[in-house]
Amino acid sequence: MPISFPGLFGDWEFNPDPIAIHIGHGVYWYGIILAIGLLAGLLLCLKQSKRYGLTEDNVLDMVLWAVPSCIIGARLYYVIFYLDLYRNADGSLNWGEMVAVWDGGLAIYGAVIAGAIVAFFYTRHKKIKLGAMTDLAVMGLLLGQCIGRWANFINREAFGAETTLPWRMRLWVSQYQSIEVHPTFFYESLWNLIGLLLILFVVSRARRFDGENTWFYFLWYGLGRFWIEGLRTDSLYLFDWTFMGEPIRVSQALSLLLAVTAAVMLFYNIRIKKHSRDELLVNQVAAAAAAKAAAAEPGAEEPLAPADAAGEAEEAQGPLEEEPQPAETQNEEREEPDGNAH
């Protein structure tokens with residue numbers, strides 16, 4: 001069914017086919033757009049890696065572990081909170097439906113949680129600062145989210161409640177009935193783009209500690225997702241729990257928790273715990289490289305042991321001169337001994 005924005009473009013309509021290539025189960029635009037977001041995020045991280053004291057190999061190794069883990073995490077998160085959708089008529093779980101990712105059902109927070117776990121173990125194994133790696137990763141994540149939300153547009157999903165705002169989106173729910181709703185996919189895409197620009201041109205340039213980008217991401221994304229999630233009509237709910245008589249939206253609750261935690265961590269690390277920029281991994285790597293280069297310069301010598309240093313000092317002074325002897329002694333040495341001398 002066609003999509004339109006009557007308040008902006010009048011009667012102009014857009015009617016994309018969710019399936020890009022009709023082969024087998026089909027190659028969906030959803031997957032293609034997510035893949036483009038992933039590649040764009042990866043390229044950004046590769047380009048920015050040196051600014052965080054990391055190498056391109058670090059990024060590629062991390063991605064090889066993170067991508068499959070994030071897909072599994074995103075699917076698990078969705079299935080756990082939509083578990084009733086994956087039950088048979090007798091109440092048993094339908095394991096085949098649970099793994100059918102091609103039928104849809106991924107949650108970004110599941111991917112973020114899985115990615116954080118992988119980053120923790122990867123950085124410990126490689127002896128890299130976790131904060132430096134996540135500071136780099138959140139930029140790629142924001143770019144990927146910014147692009148990936150347009151997959152929801154193609155699928156006509158992740159939209160909000162009905163509205164009369166000029167930028168409202170019209171969707172057809174049947175052949176004869178349409179609704180005009182908040183384009184929440186666009187709200188989140190734009191919010192993520194602004195957050196990425198803030199990190200690239202403001203936060204990262206004044207970074208005081210490894211992890212600052214990361215906490216800013218959770219603060220920014222948490223605040224945005226909190227209000228956007230409140231507009232959506234397809235939220236995941238926290239089982240049958242309620243708050244003040246209203247069901248609890250999982251992503252909204254988690255967003256608020258993350259935003260509050262991030263605000264506390266930023267305040268603590270900026271206002272209370274004073275950091276030196278020398279602590280940043282990128283500066284430690286630069287200092288180590290400078291020291292190594294200085295040691296490799298021609299003429300540079302290793303420090304000598306005290307005994308060796310003393311020996312070299314004596315050689316530098318040259319042979320010691322004999323002390324002058326008294327004249328009487330010199331005359332005696334020139335006299336010939338007599339025959340009676342014994």
Side-chain angles (χ1 to χ4, degrees), residues 37-38 40-74 77 107-146 148 191-225 254-255 257-270 273 275 277 279-285:
L38 171 64
L42 174 59
L43 291 174
L44 176 61
C45 289
L46 289 172
K47 186 174 181 180
Q48 293 285 322
S49 59
K50 290 183 179 180
R51 293 182 59 189
Y52 294 86
L54 300 168
T55 66
E56 292 185 355
D57 285 343
N58 292 146
V59 175
L60 293 172
D61 288 346
M62 174 74 181
V63 166
L64 289 175
W65 288 100
V67 169
S69 300
C70 287
I71 294 173
I72 294 171
Y77 187 99
I108 186 61
Y109 270 133
V112 172
I113 293 169
I117 293 172
V118 171
F120 174 78
F121 286 105
Y122 176 80
T123 53
R124 283 180 64 87
H125 175 68
K126 293 291 185 178
K127 295 180 174 57
I128 299 171
K129 282 190 174 182
L130 174 62
M133 176 61 78
T134 55
D135 277 357
L136 177 63
V138 293
M139 293 192 296
L141 181 58
L142 276 172
L143 181 56
Q145 288 177 276
C146 179
W191 185 264
N192 290 334
L193 176 60
I194 295 171
L196 174 60
L197 294 176
L198 286 173
I199 288 181
L200 278 172
F201 299 109
V202 180
V203 180
S204 64
R205 294 191 175 186
R207 204 163 54 103
R208 286 146 287 198
F209 64 95
D210 287 316
E212 188 167 351
N213 287 4
T214 307
W215 290 120
F216 178 81
Y217 164 81
F218 284 121
L219 175 62
W220 181 261
Y221 183 72
L223 290 174
R225 185 63 185 270
L254 183 55
S255 296
L257 176 63
L258 288 174
V260 171
T261 303
V264 171
M265 292 303 296
L266 286 170
F267 179 81
Y268 172 76
N269 281 285
I270 294 174
K273 184 178 180 180
H275 289 276
R277 291 180 65 84
E279 298 173 17
L280 292 171
L281 178 62
V282 62
N283 290 335
Q284 292 179 351
V285 169

d(Q145 CD, L142 CG) to nearest 0.5 Å is 5.5 Å
State whether the side chain of K273 and the backbone N or O of F267 hold a donor-acceptor pair below 3.5 Å, judged by distance alone.
no
Starting at CZ of R277, measure out to CZ of R208 and round the result to the nearest 0.5 Å.
9.0 Å
M62 CE to T123 OG1 distance, which is reported to the nearest 0.5 Å
7.5 Å
Between D135 and G211 the two heavy atoms that sit nearest each other are OD2-N, 2.7 Å
Backbone N or O of M139 within a donor-acceptor pair of the N213 side chain at under 3.5 Å?
no
Shortest non-hydrogen contact from Y52 to S204?
OH-CB, 3.3 Å
Check: M265 and L219 side chains under 4.5 Å, non-hydrogen atoms
no
Heavy-atom nearest pair, A132 first then L54, reads O-CD1, 3.9 Å
Tell me yes or no: between the side chains of T134 and Y217, is some donor less than 3.5 Å from an acceptor?
no
In Å, rounded to the nearest 0.5 Å, how long is the span from CG of L193 to SG of C146?
4.5 Å
In this structure, CD1 of I128 is separated from CG of D210 (nearest 0.5 Å) by 11.5 Å
Decide yes or no for R225 and Y109: does some side-chain heavy atom of the first lie under 4.5 Å from some side-chain heavy atom of the second?
yes
Taking the side chain as every heavy atom from C-beta outward, state whether R51 and R207 have any pair of such atoms under 4.5 Å apart.
no
Closest approach of A114 to C70 (non-hydrogen atoms, all atoms of both residues):
CB-CA, 4.0 Å
Would you compute the distance between atom CG of L143 and atom CG of N192 and round it to the nearest 0.5 angstrom?
9.5 Å
Looking only at non-hydrogen atoms, find the nearest pair between G222 and S255 and report the distance.
O-CB, 3.3 Å
After noting the C-alpha distance and the side-chain angles of M133 and K126, does the key distance pass the side chain to side chain contact (heavy atoms under 4.5 Å, CB included) rule?
CA-CA 11 Å; M133 176 61 78; K126 293 291 185 178; over 6 Å; no
Could you check whether the rings of F216 and W220 sit parallel, tilted or perpendicular, using 30° and 60° as the cut-offs?
parallel
Looking only at heavy atoms, which two atoms of K50 and V282 are closest? And how far apart?
O-CG2, 3.4 Å
Answer yes or no: is there a side-chain heavy-atom contact under 4.5 Å between I270 and H275?
no
Taking T55's backbone N and O only, do any of them form a donor-acceptor pair with N58's side chain (distance below 3.5 Å, no angle check)?
yes
Within-4.5 Å side-chain heavy-atom neighbours: I108 and Y221:
yes
Quick one, Y122 and L64 - any side-chain contact, counting heavy atoms below 4.5 Å?
no
